[in-house]
Amino acid sequence: MRWSRTLLNTLRDNPQDAEINSHKLLIRAGLARKLAGGLYTFMPLGLRTLHKISAIVRDEMNKAEAQEILMPALQPSELWERSGRLETMGPGMFKLKDRAERLMALGPTHEEVVTELLSNEINSYRQLPCTVYQIQTKFRDEIRPRFGLMRAKEFIMKDAYSFDASMDDADKSYKAMYNAYVRIFNRCGLDARPVEADTGDIGGQWSHEFMVLADSGEDGIVDCAACGYAANQEKAERIIPEKEAQLCPAIEEIETPGIKTIDQLVSFLKCKSSAFIKTLIYLADDQPVVIIIPGNRALNEHKLKRVLQAKKLEMADDATILSVTGATAGFAGPVGLSVKIFADNSLKNATNLITGANKADSHIKNVDIERDTDVTAYEDLVIVTAGDCCPRCRERMQIKRGIEVGHVFKLGTKYTEAFEAKYLNDKGESLEMVMGCYGIGVTRTLQAVIEQSNDKDGIIWPISVAPFAITILNLDPSDDQVNNVVDGLEKELTDHNLDVFIDDRNERPGVKFKDADLIGCPLRVVVGARGLKNNSIEIKQRSSKKNTQVPVEEAAKSIIQLAEEMFQRCNS
RNA sequence: CGGAGCGUAGCGCAGCCUGGUAGCGCGCUGCGUUCGGGACGCAGAGGCCGAGGGUUCGAAUCCCUCCGCUCCGACCA
């Protein structure tokens, strides 16, 4: 392929709406263009990389004996009513009506469609296990699309679904997908690690996310260097060191005019934030509940939702706060309340605390949780932070940032029950199939590769997913001898199944060097009149500073050998 | 959904405060000189200044409404 005939414009300046490196490079290198927030066009080079990633995904899926299918993106909403997710996922779905006024949805994911499908197709245990997958455009009405392809309204996802006869078999299918994911990300040149994760709206028994470590990542990862425990911050647990009960003087009221937040209290009373009880009022399925956690901690709503087994969870409005506590927001406390109170584990036996008096402009001190409050249950409710103790080995843990590129779930029978997806076993009994589901954000993976592999000059593609393995810079496109050598090289390399991009533009050499670095093909070959005078061609790897000069007649051989070595490294 | 910022040529920006009919750099077209790490000169093309309304003799500039984009938050009792 020749640059002069390619729809490819590189940009010198960073686009003003891009924040993170990979997003800037995606646009500057001409891989993609924005149509609107969260909507992108893939340009020729970007699409080539997308195809290469898809090919790796397909290859590993097929090796794991998953079968490729393609389901409709447009789906009838009744399916979503049957699984109960029209309510839980509703706001995040694009909904529309057909001309008969039937409510439809653009698929954000396909558990419903696939379960409906397989419930009809699978009748016997002889057909199990069965795993299907597709690579398809998904639509999600994201609250806030962000960072280019990282969080888009329309994106390409590989989604796979496994169906098994038993929980044990389902574990095997899960493990097979898990292993395939490890290989896929490895082959894409990504350093991705699996972490324990929350199952969220998808539901199910357990799940792992595959995280690419990056400072710009949207997810927090809790990591224990001592034992290898790793989990999404949404899910991560911690161990609380045991506390002895201490004597505590009687409650005293203190005046705190207009002092509402923990921060204000800290400076007003000159105490540490951990000396306070943070009292939060939530509506769980429209019923008020009170949550208390230490003043220096943040509530983990995912954990709370799980503990309360609530479908819907939202913070209470001012009117509810007034009716529950008898005071306006800012002065709520757990003492004397008649609704259910859920306390974080770390408050067990806690004493000498300060909290709201449920009365305007007042707080109370010397609160003893056991003595003064009526806690319904102690649960693990807060977001784990750096320095908390590992639930496995009790060592201190760290927090890192990551980009979620893949997610595997063991679903159990959540969907097969809703859709009565049953099979007959060898005794003639009718049983629900056990499901798993497995997603890879293909477009997000593309940008994650850029995020993890770049320098100040541009992208450094791993050869397995580079738009082209090799770029040849023709420094003198008006020189017939140079053109002949370039053409010869192109033919030999393409004959060896290597893709080659030739910069044949009428530009000065400096421009070509800069653009080659920006686009980041792993191997750069320079052919110029000056080099040819010495019968020499220059070969350089994007990832290194070193140039190699080779005689013209050996060039193709050297390039092929280098490329093969690079491919091997990606596959190992 | 709440908060903040931005919207002027394909891209990056100035002009707005203090109203007088639009400018810079990159890119693009032509000619010439250059030619191994984003060259230079000359000559050009390209803009309903996000949209609508208002104030005014006159609006990119002041006022109102809307739309779009980006960031922060979804943490607060």
Side-chain angles (χ1 to χ4, degrees), chain A residues 9-20 23-24 27-28 30 33-39 91 141-148 151 216 218 256 259-265 273 276-282 288 290-301 304 313-318 320-322 324-334 337 355-360 363 381-383 385 457-458 473-479 482 503 505-518 524 526-534 536-538 540 545 547 549:
Chain A
N9 290 306
T10 55
L11 269 37
R12 277 192 202 212
D13 297 313
N14 283 319
Q16 74 61 59
D17 59 8
E19 201 66 21
I20 64 173
H23 185 193
K24 292 174 185 168
I27 306 300
R28 280 192 59 207
R33 291 288 181 253
K34 183 171 80 174
L35 172 67
L39 300 173
D141 194 0
E142 291 287 348
I143 297 176
R144 181 139 91 90
R146 253 207 280 220
F147 301 150
R151 185 168 294 281
S216 62
E218 292 187 276
T256 51
I259 308 292
K260 295 182 172 191
T261 65
I262 299 281
D263 280 351
Q264 290 171 334
L265 284 164
S273 57
F276 299 91
I277 304 173
K278 195 185 275 187
T279 308
L280 309 166
I281 296 133
Y282 271 81
V290 169
I291 317 302
I292 55 174
I293 58 177
N296 59 338
R297 285 292 185 159
L299 174 71
N300 184 328
E301 290 192 0
L304 179 62
L313 186 69
E314 56 192 346
M315 284 180 60
D317 52 286
D318 289 345
T320 310
I321 293 172
L322 191 62
V324 169
T325 68
T328 52
F331 304 100
L337 297 184
T355 190
N358 294 324
K359 186 173 144 191
H363 282 72
L381 292 174
V382 302
I383 295 176
T385 54
D457 294 314
L473 306 192
N474 180 337
L475 294 192
D476 299 281
S478 54
D479 181 319
V482 174
D503 190 350
R505 293 174 301 168
N506 231 329
E507 290 288 352
R508 293 161 58 89
V511 174
K512 297 187 182 186
F513 288 127
K514 286 288 183 192
D515 274 334
D517 285 345
L518 178 59
R524 187 187 79 189
V526 180
V527 184
R530 205 179 78 180
L532 290 190
K533 272 192 197 124
N534 309 314
S536 156
I537 285 176
E538 176 196 304
K540 181 179 169 294
K545 292 244 180 303
N547 291 339
Q549 304 287 335

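What you see is a predicted model; the values in this text were computed from it and never measured. A note on names: the letters A, B, ... follow the listed sequences, proteins ahead of strands, and every chain is numbered from 1.
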Trainee: Rounded to whole Å, please give me the gap between CD in A:E538 and P in B:G37.
Mentor: 11 Å
Trainee: Would you call A:L280 and A:E301 a side-chain contact if the rule is heavy atoms closer than 4.5 Å?
Mentor: no
Trainee: Report the base-pairing partner of B:U18 (Watson-Crick or G-U wobble, both distances below 3.5 angstrom), or none.
Mentor: none
Trainee: Taking atom C1' in both B:C16 and B:C49, what distance in whole Å separates the two?
Mentor: 11 Å
Trainee: In whole Å, what is the span from the CG atom of A:D13 to the C1' atom of B:G12?
Mentor: 4 Å
Trainee: Closest to the A:E19 side chain: B:A39, B:U70, B:C75?
Mentor: B:U70
Trainee: Who does B:U55 pair with, Watson-Crick or G-U, both distances under 3.5 Å?
Mentor: none
Trainee: Scan every strand shown for a Watson-Crick or G-U wobble partner of B:G7, both distances under 3.5 Å, and answer none if you come up empty.
Mentor: B:C67
Trainee: Considering only the C1' atoms, how many Å lie between B:G52 and B:C13, rounded to the nearest integer?
Mentor: 27 Å
Trainee: Quick one: A:R151 CZ to B:C72 C1', roughly how many Å, whole number?
Mentor: 15 Å
Trainee: If we take the C1' atom in both B:U8 and B:C24, what is their distance in whole Å?
Mentor: 12 Å
Trainee: The side chain of A:D515 lies closest to which of these nucleotides: B:C72, B:G38, B:C28?
Mentor: B:G38
Trainee: Using whole Å, what does the distance between atom C1' of nucleotide B:G10 and atom CG of A:D17 come to?
Mentor: 14 Å
Trainee: What interatomic distance, in whole Å, is found between P of B:C57 and the corresponding atom of B:G19?
Mentor: 15 Å
Trainee: If you only use heavy atoms from C-beta on, which nucleotide in B:U34, B:G36, B:C75 is closest to the side chain of A:E301?
Mentor: B:C75
Trainee: Check whether the side chain of A:R28 and the base of B:G38 form a donor-acceptor pair under 3.5 Å.
Mentor: yes
Trainee: Could you give the CG-to-P distance, from A:L11 to B:A9, as a whole number of Å?
Mentor: 15 Å
Trainee: Can you list the steps and then say if A:Q549 with A:N534 is a side chain to side chain contact (heavy atoms under 4.5 Å, CB included)?
Mentor: CA-CA 10 Å; A:Q549 304 287 335; A:N534 309 314; over 6 Å; no
Trainee: Look at A:R12 and B:G27 and indicate whether a side-chain polar atom (N or O) is within less than 4.0 Å of OP1 or OP2.
Mentor: yes
Trainee: Taking atom P of B:C28 as reference, at what distance in whole Å does atom CG of A:N506 sit?
Mentor: 12 Å
Trainee: Answer yes or no: does a side-chain N or O of A:R144 lie under 4.0 Å from OP1 or OP2 of B:C72?
Mentor: yes
Trainee: Could you measure between the two P atoms, the one in B:C71 and the one in B:U29, and give it in whole Å?
Mentor: 33 Å
Trainee: Do the side chains of A:V482 and A:L475 get nearer than 4.5 Å, heavy atoms only?
Mentor: no
Trainee: Please work out if A:I383 contacts a base, only the sugar-phosphate, or nothing of the nucleic acid, heavy-atom cut-off 4.0 Å.
Mentor: base
Trainee: B:G3 and B:G15: how far apart are their C1' atoms, nearest whole angstrom?
Mentor: 29 Å
Trainee: Of all the nucleotides listed (B:C11, B:G36, B:C35), which has the minimum atom distance to the side chain of A:R530?
Mentor: B:G36
Trainee: Identify which nucleotide among B:C1, B:G37, B:C75 has an atom closest to any side-chain atom of A:I143, counting heavy atoms from C-beta outward.
Mentor: B:C1
Trainee: Looking at B:C1, which nucleotide sits across from it as a Watson-Crick or G-U wobble partner, both distances under 3.5 angstrom, or is there none?
Mentor: B:G73
Trainee: Could you grab the distance from atom CG of A:D515 to atom CG of A:L473, nearest 0.5 Å is fine?
Mentor: 9.5 Å
Trainee: By nearest heavy atom, map A:L475 and A:Q16 onto RNA chain B; which one lands nearer the 5' end?
Mentor: A:Q16
Trainee: Of the listed nucleotides (B:C11, B:C69, B:G38), which one gets closest to any side-chain atom of A:A36?
Mentor: B:C69
Trainee: Any donor-acceptor pair under 3.5 Å between the side chain of A:N14 and the base of B:G12?
Mentor: no
Trainee: Are the side chains of A:V527 and A:N474 in touch, meaning some heavy atoms are under 4.5 Å apart?
Mentor: no
Trainee: Applying the side-chain contact (heavy atoms from CB on, under 4.5 Å) criterion to A:F276, which one of A:N296, A:I262, A:T355 satisfies it?
Mentor: A:I262
Trainee: What is the base-pairing partner of B:U61, counting Watson-Crick and G-U wobble geometry with both distances under 3.5 Å?
Mentor: none
Trainee: Looking at side-chain heavy atoms only, is the closest gap between A:R146 and A:H23 below 4.5 Å?
Mentor: no
Trainee: Under 4.0 Å between any heavy atoms, over every strand shown, what does A:F147 touch: base, sugar-phosphate, or nothing? Just pick one.
Mentor: sugar-phosphate
Trainee: Base, sugar-phosphate alone, or nothing: which one does A:K512 contact when heavy atoms must sit under 4.0 Å apart?
Mentor: nothing
Trainee: Does any nucleotide pair with B:A39 by Watson-Crick or G-U wobble geometry, both distances under 3.5 Å, and what is it?
Mentor: B:U33
Trainee: Please assess A:R28 against A:T10 for the test side chain to side chain contact (heavy atoms under 4.5 Å, CB included), listing each intermediate value before the final yes or no.
Mentor: CA-CA 5 Å; A:R28 280 192 59 207; A:T10 55; over 6 Å; no
Trainee: Sticking with atom P, work out how far B:A43 lies from B:G25, rounded to a whole angstrom.
Mentor: 13 Å
Trainee: Is there a side-chain contact between A:R297 and A:T385, using heavy atoms and a 4.5 Å cut-off?
Mentor: yes
Trainee: Could you say whether A:A529 or A:G148 is positioned toward the 5' end of RNA chain B, judged by the nucleotide with the nearest heavy atom to each?
Mentor: A:A529
Trainee: For atom C1', what is the distance between B:C40 and B:A14, given to the nearest Å?
Mentor: 25 Å
Trainee: Are OP1 or OP2 of B:C72 and a side-chain N or O of A:R146 less than 4.0 angstrom apart?
Mentor: yes
Trainee: By the 4.0 Å heavy-atom rule, please label A:G356 as base, sugar-phosphate, or nothing.
Mentor: nothing
Trainee: Among the nucleotides B:G36, B:G37, B:G38, which one has an atom lying closest to any side-chain atom of A:T10?
Mentor: B:G38
Trainee: If you check every side-chain atom of A:R508, which of B:G25, B:G36, B:C35 has the closest atom?
Mentor: B:C35
Trainee: B:U29 C1' sits how many Å from A:E507 CD, rounded?
Mentor: 14 Å
Trainee: The side chain of A:K34 lies closest to which of these nucleotides: B:C75, B:G38, B:C69?
Mentor: B:C69
Trainee: If you only use heavy atoms from C-beta on, which nucleotide in B:G38, B:G37, B:C11 is closest to the side chain of A:F513?
Mentor: B:G37
Trainee: Using a 4.0 Å heavy-atom cut-off across all strands, classify A:G531 as base, sugar-phosphate, or nothing.
Mentor: base
Trainee: Can you tell me how far P of B:G12 sits from CG of A:N9, to the nearest Å?
Mentor: 14 Å
